[in-house]
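Here the structure is laid out as structure tokens; the discussion comes afterwards.
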Amino acid sequence: MLGLILTILIVGAIAGFVARLLVPGRQDLSIVATIVLGIVGSLVGGLLGYLLFGKDADDGLFQPAGIIGSIIGAVIALLIWQWSQRRNGAHV
């Protein structure tokens, strides 16, 4: 169980940091927010993988993705976050 938690945190941190490097502009995110971004990215990547490649429905709709899927999902989540901040009038 501890190994799973550490893996989720490490993959989340890597995916979040890489997503922040790939998306242009300034992101005022703490380290914890960056890790959360990567974890959310993993879930988004797992959802996209499920929708695109049609895994078995018994596996569930929200699945953790690999590191590449996590990075892609984190980039998507970060772009959505930036877009919502601009819409609300906040400066990004």
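Numbers here are sequence positions counted from 1.
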Between Ser42 (side chain) and Gly38 (backbone), is there a donor-acceptor pair under 3.5 Å?
no
Main-chain N/O of Gln27 paired with Arg20 side-chain donor or acceptor, under 3.5 Å
yes
Note: Ala77 and Leu37 closest approach over all heavy atoms is CB-CD1, 3.9 Å
Considering non-hydrogen atoms only, spot the tightest contact between Phe17 and Thr34 and give its length.
N-CG2, 3.5 Å
Do Leu43 and Ile8 land in one hydrophobic cluster if side-chain heavy atoms of ILVMFWY residues count as linked below 4.5 Å?
no
Side-chain contact test, heavy atoms from C-beta onward, threshold under 4.5 Å: evaluate it for Ile67 versus Val18 and give yes or no.
no
Would a 4.5 Å heavy-atom cut-off, applied to side chains only, mark Arg26 and Asp28 as touching?
yes
To the nearest 0.5 Å, what is the distance between CG (Leu47) and CG (Leu51)?
4.5 Å
Spatial distance of atom CG (Leu78) from atom CD1 (Ile71) [nearest 0.5 Å]:
13.0 Å
Verdict with supporting geometry, Ile76 and Leu48, side-chain contact (heavy atoms from CB on, under 4.5 Å)
CA-CA 11 Å; Ile76 292 169; Leu48 288 175; 3.5 Å; yes
Starting from Leu2, walk the hydrophobic network (Ile, Leu, Val, Met, Phe, Trp, Tyr; side-chain heavy atoms closer than 4.5 Å) and list everyone else you reach, by chain and number.
Leu6
Residues forming a side chain to side chain contact (heavy atoms under 4.5 Å, CB included) with Leu79, sequence neighbours excluded
Val23, Val75, Gln82
Partner set under side chain to side chain contact (heavy atoms under 4.5 Å, CB included) for Ile35, not counting sequence neighbours
Leu9, Ala13, Ile31, Ile39
